[in-house]
Amino acid sequence: MTTDEITGDGPVVVGTDGSDGARQAVTWAAAEAAAMGRGLLLVRSARGRRPPPGTDLLAAPLAGPPTTEDVILDARRSLDALAADLRRQYPGTGVETALRDGPPEEALLAVAEDTDAAMIVLGASGSGAFARLLLGSTAAEVARTAFRPVVVVRGPAPHPANAGPVVLGVDGSDEESEATGFAFAFAERHGLAVHAVHAWLNPALDTPLGTATGVGVPGHALGPEEDELRAAATESVRRRLRPWAGRHPGVGLTHEVVADLAAKALLDRSADATLLVVGSHGGGELWRVLLGSVGHAVLYHADCPVAIVRAPAKGGDQD
C-alpha cells in the first residue's frame, strides 16, 4: 500500500450481477482502474441469480428451476461478454474475471483479499424507499467488513460525470487520515478539488458544541464565545489538512465548519460532488452492525458515489 492511500497494490475489484446498478458500478470501476493504471477484476457469484427484467414470475416456475450447470454457464457467458466489451473500451487496462460460488459478499471480500485489491466497487441496488432501506445486502455487508476502500456507486450519471469536488468528511479523529489520503489521491488523478466539511453537531451526544447550549443547532445564532469556538475548529481543520495539501500541491482545497449534523451536511453537498469520502473506524460487532452513523446515512441517501475508507483495526485485528 502507498503512504498516502490505504489501497492495495492489486486491481480494482468490482461486483457484477447483471443489474442496472451493477452495470453502473462496472462503468465507474473501469474508468477508475484506467485512471489508476491498475487492472480491473470483474467478480460474480453463481449463487442468488435473479430472474431477468421482464420475466413473468407466475409462468417462470412452470419451466422448472435452472440447474447448477445452467446458472454457472449463464454467469460465465455474461462475465466473458462484459470483459470483452471492456477490453475494447479500455485497451490499456487488463480486464480479468472471477466466478465464485457462495454469497456475493463473501466472494467479493475473498477475491479482494487474495488480490490485494486497490478498492472494491459495487452498485447501489434499485431506487425508492425500499431499496434505500436494503441498499443491497451485498454492498452493505462489504462496506461494513472490508479493510480497504469500498465505493458504492450512487446517482444517475456514470463516472466521472461532472467536475464537482471530492467532498471529504472531517471529524477530527486520529483515524481520518486514510480517508483524507484517499480523497486527495482521487482528486489528483481526476483534476478535481477537495472540499472538506467538518460539522459541529453530534446527533446523539451532548458535546461541547452540542445541544446543551444550543451551539451547533441549525439556525442557532452564534455569539462571541461560539464564534471563537468556530474559529478554533476551523484552524484545527486547516492544520490537519495542511500536510495533505503539501503532498498534493496541484489539488485545490477548500474547507468549511458548519453548525449541522455531520450526515446532513455531507448529504447536502453530495448533489454537486463527484465523490463523497468518509472514514469509518472501530471494530467489533456493534460497529459492523451500525457501520458508523455518518457512513450509514451517506451510503443510503447520497446523490453521488460514496467511498467508505475504514481505518485498519488496532493491533492488526481484522476479525
Side-chain angles (χ1 to χ4, degrees), residues 1-15 25 28-29 32-33 35-36 38 108-109 112-113 116-122 124 135 139-154 159 165-190 192 194-199 237 240-241 243-244 247-248 251 253 255 262-263 266-267 269-270 273-283 287-288 290-300 302 304-314 316 318:
M1 295 188 180
T2 67
T3 56
D4 273 13
E5 278 188 281
I6 181 172
T7 60
D9 295 325
V12 173
V13 169
V14 58
W28 194 99
E32 189 59 22
M36 296 179 74
R38 303 290 186 91
L108 277 166
L109 291 167
E113 185 67 22
D116 193 22
M119 66 180 72
I120 303 172
V121 182
L122 306 102
L135 178 68
E141 179 65 17
V142 171
R144 280 194 295 265
T145 57
F147 281 92
R148 63 190 69 243
V150 175
V151 177
V152 176
V153 178
R154 300 186 56 85
H159 167 82
V166 177
V167 173
L168 169 67
V170 179
D171 65 2
S173 69
D174 293 336
E175 294 88 351
E176 74 183 15
S177 62
E178 288 83 5
T180 303
F182 184 92
F184 271 88
F186 182 93
E188 187 169 63
R189 282 194 296 273
H190 298 285
L192 302 172
V194 170
H195 181 66
V197 179
H198 175 76
V237 170
R240 285 177 173 273
L241 294 174
W244 298 102
R247 296 179 196 177
H248 302 271
V251 175
L253 173 63
H255 53 81
L266 293 173
L267 289 172
R269 288 151 182 80
S270 70
T274 294
L275 181 70
L276 176 57
V277 181
V278 296
S280 282
H281 47 85
W287 184 89
R288 283 192 286 269
L290 297 179
L291 179 64
S293 59
V294 175
H296 180 279
V298 299
L299 270 183
Y300 282 66
C304 69
V306 177
I308 301 290
V309 185
R310 184 177 178 185
K314 294 180 180 180
Q318 296 187 8

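In what follows, every heavy atom counts, from backbone to side chain, and hydrogens, waters and symmetry copies are set aside. Note that the numbering runs from 1 along the sequence shown for the chain.
The line from NE2 of His198 to CG of Leu168 is 12.0 Å long, rounded to the nearest 0.5 Å. Atom-to-atom distance recorded for Leu253:CG and Trp244:CH2 is 12.5 Å, nearest 0.5 angstrom.
In this structure the side chain of Val278 reaches within 4.5 angstrom of the side chain of Leu266, judged on heavy atoms. At a threshold of 4.5 Å between non-hydrogen side-chain atoms, the residues Val170 and Val197 do not count as touching. Side-chain contact between Val277 and Val309 is present, with heavy atoms from C-beta onward closer than 4.5 Å. Counting heavy atoms from C-beta outward, Leu108 and Val13 have side chains that approach closer than 4.5 Å. Contact check for Phe147 versus Leu109: no side-chain heavy atoms found under the 4.5 Å cut-off.
Legend: residues meeting side chain to side chain contact (heavy atoms under 4.5 Å, CB included) with Ala187, ordered by chain and number and at least two apart, are Val166, Leu192, Val194, Val251. For His255, the side chain to side chain donor-acceptor pair (under 3.5 Å) test picks out no residue, with sequence neighbours left out.
Residues Cys304 and Ala273 approach most closely at CB-O, 3.4 Å, considering heavy atoms. Closest approach of Pro305 and Thr274 over heavy atoms only: CD-O, 3.5 Å.
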Checklist entry - Are Phe182 and Leu275 close enough, and set up right, to give a side chain to side chain contact (heavy atoms under 4.5 Å, CB included), and what steps lead you there? => result CA-CA 11 Å; Phe182 184 92; Leu275 181 70; 3.9 Å; yes

Item to check | side chain to side chain contact (heavy atoms under 4.5 Å, CB included) between Val151 and Leu122, intermediate numbers included | outcome: CA-CA 6 Å; Val151 177; Leu122 306 102; over 6 Å; no

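Relative orientation of the His190 and Phe186 rings is tilted, given thresholds of 30° and 60° on the angle between their planes.
In terms of modelled atom types and a separation under 3.5 Å, the side chain of Arg154 and the main chain of Val306 share no donor-acceptor contact. Of the possible polar contacts, none joining the Arg38 side chain to the Val12 backbone as a donor-acceptor pair under 3.5 Å is found. In terms of modelled atom types and a separation under 3.5 Å, the side chain of Arg148 and the main chain of Ile120 share no donor-acceptor contact.
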